[in-house]
Amino acid sequence: MKVTVVGAGSVGASCAEYVAIKNFASEVVLLDIKEGYAEGKAMDLMQTASLNSFDTKITGSTNDYSKTAGSDVAVITSGIPRKPGMTREELIGINAGIVKEVAGNLIKHSPDVTLIVVSNPMDTMTYLVHKTTGLPKNKIIGMGGALDSARFKYRLAEALEAPISDVDGMVIGGHSDTGMVPLTRLATRNSIPVSAFLSEDRLNQVSEDTKVGGATLTKLLGTSAWYAPGAAVSALVQAIACDQKKIFPCSAFLEGEYGLSDISIGVPAVIGKDGLEKIVEIELNDAEKAKIQESAAGVTKTNGLLEL
Ligand SMILES: NC(=O)c1ccc[n+]([C@@H]2O[C@H](COP(=O)([O-])OP(=O)(O)OC[C@H]3O[C@@H](n4cnc5c(N)ncnc54)[C@H](O)[C@@H]3O)[C@@H](O)[C@H]2O)c1
């Protein structure tokens with residue numbers, strides 16, 4: 001399994017590190033436009049191999065896509081992250097051009113690649129890749145829901161005063177402060193609905209804290225977060241590499257599912273060797289349906305800013 005990660009910045013390097021430490025890929029190529037940056041990150045990471053007991057070979061490249069040839073999976077993290085006070089949508093002007101060019105370069109050298117789009121505004125960048133590359137829709141996966149769901153579980157465990165491993169939950173919808181839809185009704189602690197333990201007010205607080213999870217960290221760090229984003233991407237890469245058939249909410253191109261079409265937005269999906277293998281349609285109540293429709297309207301509005 002050969003994995004390319006474009007963008008050797010915070011999220012890209014974190015993703016490369018988690019992929020390597022999990023030891024399922026033979027090779028990771030880090031690529032960045034900044035001279036020597038990816039080579040430096042790759043060398044630094046390789047010097048952790050004997051300490052962290054992995055055999056994955058990590059190499060770096062300054063914008064030379066021939067080094068990425070034959071990649072099975074490629075992750076796109078290139079672009080700018082938000083600064084405190086910014087929305088993800090404000091990044092579109094710069095990131096759309098970068099993502100489009102990077103996706104084209106990757107496919108030129110790896111026609112069978114599965115792309116995982118991370119750059120923000122992620123749902124719109126995923127839609128852009130669908131509209132401009134001609135890759136089959138199962139081979140384009142937007143990463144947002146896997147991270148948002150991990151943040152949801154963190155907040156649920158905090159509220160429940162329970163270990164995170166006892167908690168399950170999922171966030172669907174757009175990957176934005178206003179677009180996320182944490183499914184509190186379906187969240188569980190050891191198979192017991194969390195509403196058995198938490199008041200409606202406390203659950204609403206969990207939802208709100210989840211939705212601004214990225215903004216909270218951006219304010220604390222001065223830039224957007226990287227450990228959880230990197231771990232979330234690596235979980236998707238591993239699900240593909242190891243054909244795990246795990247369900248993650250991912251930004252998928254919809255053609256009628258959830259009553260939506262011509263949009264990429266977060267919905268539960270089975271991830272395996274063929275990429276986004278199946279969209280899972282779950283029964284939503286009226287309030288959840290309304291939230292998804294509202295979230296989709298926001299994503300569609302941002303999509304309208306693209307020059308396609
Ligand atoms: N989808 C998510 O859940 C999620 C989570 C966190 C961050 N993000 C997004 O991921 C992106 C990366 O965030 P980061 O914190 O790693 O940023 P960063 O600035 O640390 O890294 C971005 C890297 O991209 C490189 N780059 C820019 N243009 C390039 C090009 N044309 N080709 C190759 N490399 C190029 C830069 O040199 C830089 O090293 C941002 O858009 C951020 O908003 C998304």
Side-chain angles (χ1 to χ4, degrees), residues 4-18 29-42 60-65 67-68 74-84 86-106 115-129 140-152 171 173-177 179-180 210-218 221-237 248-251 264-266 299 302:
T4 286
V5 180
V6 180
S10 303
V11 177
S14 166
C15 167
E17 181 176 13
Y18 285 120
V29 178
L30 263 176
L31 183 145
D32 202 283
I33 202 162
K34 224 187 288 176
E35 187 68 42
Y37 195 56
E39 289 86 338
K41 289 271 181 120
S61 159
T62 303
N63 224 26
D64 177 0
Y65 281 83
K67 302 269 172 57
T68 71
V75 178
I76 303 179
T77 75
S78 45
I80 52 164
R82 58 182 171 158
K83 296 280 172 229
M86 284 175 90
T87 66
R88 295 175 177 91
E89 289 69 28
E90 286 173 70
L91 307 173
I92 189 171
I94 295 179
N95 286 357
I98 293 174
V99 168
K100 187 175 169 188
E101 187 190 326
V102 165
N105 286 334
L106 286 168
L115 293 180
I116 301 178
V117 182
V118 180
S119 308
N120 276 317
M122 181 279 296
D123 296 292
T124 294
M125 294 301 101
T126 306
Y127 180 76
L128 174 70
V129 172
I140 303 171
I141 306 173
M143 194 298 287
L147 169 63
D148 302 333
S149 300
R151 287 178 171 159
F152 183 38
V171 177
H175 178 61
S176 71
D177 296 357
M180 287 178 212
T210 300
K211 286 157 75 175
V212 297
T216 304
L217 284 162
T218 302
L221 297 167
T223 186
S224 72
W226 54 89
Y227 293 120
V233 188
S234 76
L236 295 188
V237 176
F248 292 96
C250 293
S251 192
S264 290
I265 195 164
V299 173
T302 310

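Small disclaimer: the values here were computed from a predicted structure and weren't measured. Order of listing sets the numbers, starting from 1, for every ligand and every atom in it.
Asn95 places a side-chain N or O within 3.5 Å of a backbone atom of Ile80 that can act as its donor or acceptor partner. Judged by distance alone, with hydrogens and angles left aside, the side-chain atoms of Ser119 form a donor-acceptor pair with the main-chain N or O of Ser78 at under 3.5 Å. Listed for the Thr68 side chain is no donor-acceptor partner under 3.5 Å among the backbone atoms of Leu106. The backbone N or O of Gly36 lies less than 3.5 Å from a partner atom in the side chain of Thr62, making a donor-acceptor pair. With hydrogens and angles disregarded, no donor-acceptor distance shorter than 3.5 Å links the side chain of Asp123 to the backbone of Gly174. In terms of modelled atom types and a separation under 3.5 Å, the side chain of Ser14 and the main chain of Trp226 share a donor-acceptor contact. Put simply, the side chain of Thr77 gets close to the backbone of Val6: a donor and an acceptor are under 3.5 Å apart. Lys41 places a side-chain N or O within donor-acceptor distance of the main-chain N or O of Ala8, the cut-off being under 3.5 Å.
The protein non-hydrogen atom at the shortest distance from atom 44 (C) of ligand 1 is Val118 O, 2.9 Å. In this structure, the protein non-hydrogen atom closest to atom 20 (O) of ligand 1 is Ser10 N, 2.9 Å. When hydrogens are left out, the protein atom nearest atom 21 (O) of ligand 1 is Gly9 CA, 3.3 Å; that is the closest non-hydrogen contact. With respect to atom 1 (N) of ligand 1, the closest heavy atom belonging to the protein is Met143 O, 2.8 Å. Closest to atom 11 (C) of ligand 1 among all protein heavy atoms lies Thr77 O, 3.4 Å.
For ligand 1, none of its N or O atoms has an N or O atom of Tyr65 under 3.5 Å away. Considering backbone and side-chain N/O of His175, one or more are found under 3.5 Å from N/O of ligand 1. Considering backbone and side-chain atoms together, Arg82 places no N or O closer than 3.5 Å to any N or O of ligand 1. Considering backbone and side-chain N/O atoms, Val11 comes within less than 3.5 Å of an N/O atom of ligand 1. In terms of N/O distances under 3.5 Å, ligand 1 is not approached by Ser119. Ligand 1 has no nitrogen or oxygen under 3.5 angstrom from a nitrogen or oxygen of Leu91.
Residue contact check: Ile80 has heavy atoms under 4.0 Å from atoms 40 (C), 41 (O), 43 (O) of ligand 1. Against a heavy-atom cut-off of under 4.0 Å, Tyr37 is close to the following atoms of ligand 1: 39 (O). Per-residue contacts place Lys34 under 4.0 angstrom from the following atoms of ligand 1 (heavy atoms of the residue considered): 37 (O). Of all the atoms in ligand 1, the ones that sit under 4.0 Å from a non-hydrogen atom of Asn95 are 41 (O). Interface atoms of ligand 1 facing Ser224, defined by a heavy-atom separation under 4.0 Å, are 7 (C), 15 (O). Interface atoms of ligand 1 facing Asn120, defined by a heavy-atom separation under 4.0 Å, are 4 (C), 8 (N), 9 (C), 41 (O), 42 (C), 43 (O), 44 (C). Interface of Pro229 with ligand 1, defined as ligand atoms under 4.0 Å from a residue heavy atom, comprises 5 (C), 6 (C). Those atoms of ligand 1 that come under 4.0 Å of a heavy atom in Leu147, given as number and element, are 3 (O), 5 (C).
Heavy-atom proximity to atom 28 (N) of ligand 1, evaluated over Ile98, Ile116, Thr126, is greatest for Ile98. Compare Ala8, Ala13, Ser78 by their heavy atoms: the one nearest to atom 26 (N) of ligand 1 is in Ser78. Closest heavy-atom approach to atom 27 (C) of ligand 1 among the candidates Ser61, Cys15, Gly79: Gly79. Closest heavy-atom approach to atom 38 (C) of ligand 1 within the set Leu31, Val6, Asp32, Val5: this belongs to Asp32. Of the listed residues (Gly230, Gly213, Ala150, Pro81), the one carrying the non-hydrogen atom nearest atom 19 (O) of ligand 1 is Pro81.
Inter-residue side-chain proximity for Asp177 and Thr87 is flagged as unmet; no heavy-atom pair is nearer than 4.5 Å. Side-chain contact check for Lys83 versus Thr223: some heavy-atom pair is nearer than 4.5 Å. The closest side-chain heavy-atom distance from Arg88 to Arg82 is below 4.5 Å. Considering only heavy atoms from C-beta on, Thr218 stays 4.5 Å or farther from Met86 through its side chain. Using a 4.5 Å cut-off on side-chain heavy atoms (C-beta onward), Leu31 and Asn63 make contact. Counting heavy atoms from C-beta outward, Leu30 and Tyr37 have side chains that stay 4.5 Å or more apart.
Heavy atoms of Thr223 come nearer than 4.0 angstrom to ligand 1 in no pair at all.
Remark: Ile94 CD1 is loosely packed, at most 12 non-hydrogen atoms of other residues, nucleotides or ligands lying under 6.0 Å away.
Of the heavy atoms in Ile33, both backbone and side-chain atoms come closer than 4.0 Å to ligand 1.
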